[in-house]
Amino acid sequence: MSDKQTYRVIQWATGTVGKVSLRHFAENPAFELVGVLVTNPEKVGKDAGEIAGLPATGVIATDDVEKIIALDADCVHFAPLVQDIDMVCRLLRSGKNVVSTLGPFYPTEHFRADIDRIEAACRDGGTSFHGCGIHPGFVGDILPLTLTRLMNRIDRIQVYEIADKLRNPSVYIQFMGFGLDPDELSAQPNCMEGAAISFAQSMSLLVEGLGRTIEDLTEKHEVATAKNDIPYPGGVIRAGTVAGQHWEWTAWADGAPLVVYHLYYMMGDDMEPAWNLGDSRHRIVIEGDPPLEATLMASAAPDGRHPFLGITWTALLGCTAVPHVCDAKPGLITHLDLGVVQPRGLVRPPSADPGTR
Ligand SMILES: NC(=O)c1ccc[n+]([C@@H]2O[C@H](COP(=O)([O-])OP(=O)(O)OC[C@H]3O[C@@H](n4cnc5c(N)ncnc54)[C@H](OP(=O)(O)O)[C@@H]3O)[C@@H](O)[C@H]2O)c1
């Protein structure tokens with residue numbers, strides 16, 4: 001990987017993650033954007049720059065998968081709403097490396113079949129696959145594992161994701177069942193069903209990285225309700241309905257809780273009970289000797305509040321890994337295989353655009 005090398009990239013899907021990636025690929029001289037796959041008919045035929053709110057790039061979005069497969073590219077940054085392992089394998093067999101925000105992130109039994117297929121496709125195509133995202137895929141695995149180098153002894157590692165969805169609205173508000181009666185929420189499936197399996201990949205990387213294995217995985221879920229109506233751009237969370245959710249997953253090793261993930265998602269803080277969690281952030285707490293805490297948060301915006309940058313970071317984690325993944329040996333590449341990523345093209349003069357927040 002030389003400093004002058006450029007990587008020809010395709011952006012697959014231009015949702016919230018995909019738009020951040022498009023901007024990065026368009027601005028970073030380490031990359032040449034050569035293709036954009038969209039599903040939304042209104043985006044077909046548009047310049048990638050227009051989709052991402054940037055000057056024209058000359059790259060026109062298509063919904064024609066065959067055209068994308070036929071392109072000569074080093075890597076596809078894969079960020080659709082729905083997982084498609086068949087498509088990932090086709091891309092890998094067509095000679096394109098794939099970095100995906102949907103995982104799989106780490107080989108666990110649950111994802112064994114997908115990983116076997118991905119590895120076979122990598123062998124056929126001479127290509128590599130890497131799954132990463134903020135969480136799962138970074139903040140609960142390679143980041144705390146790196147921090148464990150500062151420890152003499154570890155009793156327990158707790159990882160918190162605190163996201164204020166009122167300040168940073170997203171499509172996930174409805175998907176996650178905010179605004180439902182608490183009983184209704186527990187009675188009907190929502191997008192967090194099965195999420196523990198996905199997050200368990202990150203837990204496994206961390207636990208196995210410490211030389212242990214997960215013996216059991218337990219789950220708790222609690223909700224907080226709105227004290228008053230909470231208006232947001234997509235509607236209103238009515239008083240008494242779900243305005244906060246806390247998911248807690250615990251990975252047990254040697255008969256004790258070793259890794260605990262807390263996901264706190266809330267619509268502001270006018271809730272009962274009052275969780276008083278403050279601004280959006282990630283927090284890693286390592287109990288042991290010497291005890292350690294690390295907080296990862298966006299810098300304060302002009303209003304003094306710290307926004308949630310999880311989606312932006314998910315996109316950038318994928319983009320910055322692309323050169324290493326392209327240069328890696330064929331196969332599934334986890335964070336442990338990647339080692340310390342040395343991103344390319346980040347040190348450059350600022351562009352005129354407003355940034356990635
Ligand atoms: N690991 C992590 O930490 C992490 C964090 C955030 C997101 N993610 C994952 O990254 C992916 C993208 O997230 P996002 O926030 O960008 O989502 P998003 O804003 O909903 O965008 C997803 C895009 O996928 C395309 N799409 C829509 N319906 C689809 C369908 N039925 N099948 C396939 N593609 C469809 C659309 O692309 P076009 O508009 O171009 O047609 C849409 O804009 C999601 O799968 C999400 O779970 C992971």
Side-chain angles (χ1 to χ4, degrees), residues 1-84 87-102 125 127-133 311-327 343-357:
M1 183 170 54
S2 98
D3 214 26
K4 300 276 174 280
Q5 191 171 344
T6 56
Y7 295 82
R8 294 164 59 81
V9 288
I10 293 167
Q11 177 57 42
W12 189 287
T14 60
T16 326
V17 168
K19 286 198 190 96
V20 176
S21 316
L22 272 184
R23 179 176 293 142
H24 185 75
F25 291 141
E27 293 183 346
N28 184 339
F31 299 111
E32 182 191 351
L33 181 70
V34 297
V36 178
L37 186 285
V38 293
T39 53
N40 182 341
E42 287 173 18
K43 293 181 180 174
V44 174
K46 286 195 174 159
D47 188 283
E50 187 183 348
I51 293 172
L54 295 168
T57 61
V59 180
I60 304 300
T62 179
D63 60 355
D64 186 338
V65 169
E66 301 311 319
K67 273 193 188 153
I68 294 286
I69 297 276
L71 283 174
D72 175 21
D74 297 305
C75 192
V76 178
H77 186 244
F78 194 74
L81 186 62
V82 179
Q83 180 62 289
D84 188 345
M87 189 55 70
V88 167
C89 290
R90 273 199 79 188
L91 292 165
L92 290 166
R93 284 202 168 87
S94 77
K96 297 168 192 59
N97 302 287
V98 174
V99 172
S100 171
T101 59
L102 291 87
T127 47
S128 310
F129 172 92
H130 175 64
C132 61
I311 299 283
T312 301
W313 286 335
T314 293
L316 296 176
L317 280 163
C319 296
T320 50
V322 164
H324 274 253
V325 175
C326 291
D327 294 353
R344 288 290 171 262
L346 296 191
V347 184
R348 61 177 193 268
S351 65
D353 102 76
T356 45
R357 278 181 186 220

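These values consider heavy atoms only, across backbone and side chains, with no hydrogens, waters or symmetry-generated copies. Positions are given from 1, in the same order as the sequence printed here.
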**Message:** Can you tell me how far apart SG (Cys89) and CZ (Phe129) are? Round to the nearest 0.5 Å.
**Reply:** 9.0 Å

**Fill in**
Residues pairing under salt bridge (Lys or Arg N to Asp or Glu O under 4.0 Å) where one sits in residues 52-62, two or more places apart or in two chains, turn out to be none

**Qualifying residues under side chain to side chain contact (heavy atoms under 4.5 Å, CB included), relative to Asp64, sequence neighbours excluded** = Thr62, Glu66, Lys67

**Request:** Only counting residues at least two apart or in another chain, list the ones meeting side chain to side chain donor-acceptor pair (under 3.5 Å) with Thr57.
**Result:** Asp47

**Item:** Main-chain N/O of Ile69 paired to Lys96 side chain as donor or acceptor, under 3.5 Å
**Value:** yes

**Item:** Beyond-backbone contact of Val34 with Ile10, side-chain heavy atoms, under 4.5 angstrom
**Value:** yes

**Message:** Using the ring-ring contact (aromatic ring centres under 6.0 Å, His included) criterion, which residues pair with Phe31? Sequence neighbours excluded.
**Reply:** His24, Phe25

**Side-chain (Arg23) to main-chain (Leu54) donor-acceptor, under 3.5 angstrom** = no

**Request:** May I ask you to decide if Thr127's main-chain N or O and Asn97's side chain share a donor-acceptor pair within less than 3.5 Å?
**Result:** no

**Message:** To the closest 0.5 Å, what do you measure between NZ (Lys46) and CD1 (Ile60)?
**Reply:** 11.5 Å

**Request:** Using the salt bridge (Lys or Arg N to Asp or Glu O under 4.0 Å) rule, collect all pairs that involve residues 50-63, keeping only residues at least two apart or in two chains.
**Result:** none

**Prompt:** Given the rule in the side-chain hydrogen bond (donor to acceptor under 3.5 Å, both in side chains) test, do Tyr7 and Asn28 qualify, once you have shown the distances and angles that lead to the verdict?
**Reply:** CA-CA 10 Å; Tyr7 295 82; Asn28 184 339; over 6 Å; no

**Asked** Got a sec, which residues hit side chain to side chain donor-acceptor pair (under 3.5 Å) with Thr320, two or more places apart in sequence or on another chain?
**Response** none

**Close side-chain approach of Thr101 and His77, heavy atoms under 4.5 Å** = yes

**Request:** Taking the side chain as every heavy atom from C-beta outward, state whether Gln5 and Asp327 have any pair of such atoms under 4.5 Å apart.
**Result:** yes

**Fill in**
side chain to side chain donor-acceptor pair (under 3.5 Å) pairs touching residues 33-45, sequence neighbours excluded, are Thr14-Lys43

**Asked** What pairs with Ile311 under side chain to side chain contact (heavy atoms under 4.5 Å, CB included), at least two apart in sequence or on another chain?
**Response** Thr16, Val17, Tyr172

**Message:** Between Arg90 and Val65, is there a side-chain heavy-atom distance shorter than 4.5 Å?
**Reply:** yes

**Request:** Heavy atoms only: give me the nearest Val322-Cys75 pair and the separation to one decimal.
**Result:** CG1-CB, 3.8 Å

**Asked** With sequence neighbours excluded, what pairs up with Ala13 under the side chain to side chain contact (heavy atoms under 4.5 Å, CB included) test?
**Response** Pro80

**Distance, nearest 0.5 Å, that separates CD of Gln11 from CD1 of Ile68** = 10.0 Å

**Request:** Could you list the residues that satisfy side chain to side chain contact (heavy atoms under 4.5 Å, CB included) with Cys132, not counting sequence neighbours?
**Result:** Val99, His130, Leu317, His335

**Closest contact, heavy atoms only, Pro29 versus Arg348** = CD-CD, 3.7 Å

**Prompt:** Taking the side chain as C-beta and beyond, is there a heavy-atom pair between Trp12 and Val98 under 4.5 Å?
**Reply:** no

**Residues which pass side chain to side chain donor-acceptor pair (under 3.5 Å) with Asp84, listed by chain and number, not counting sequence neighbours** = none

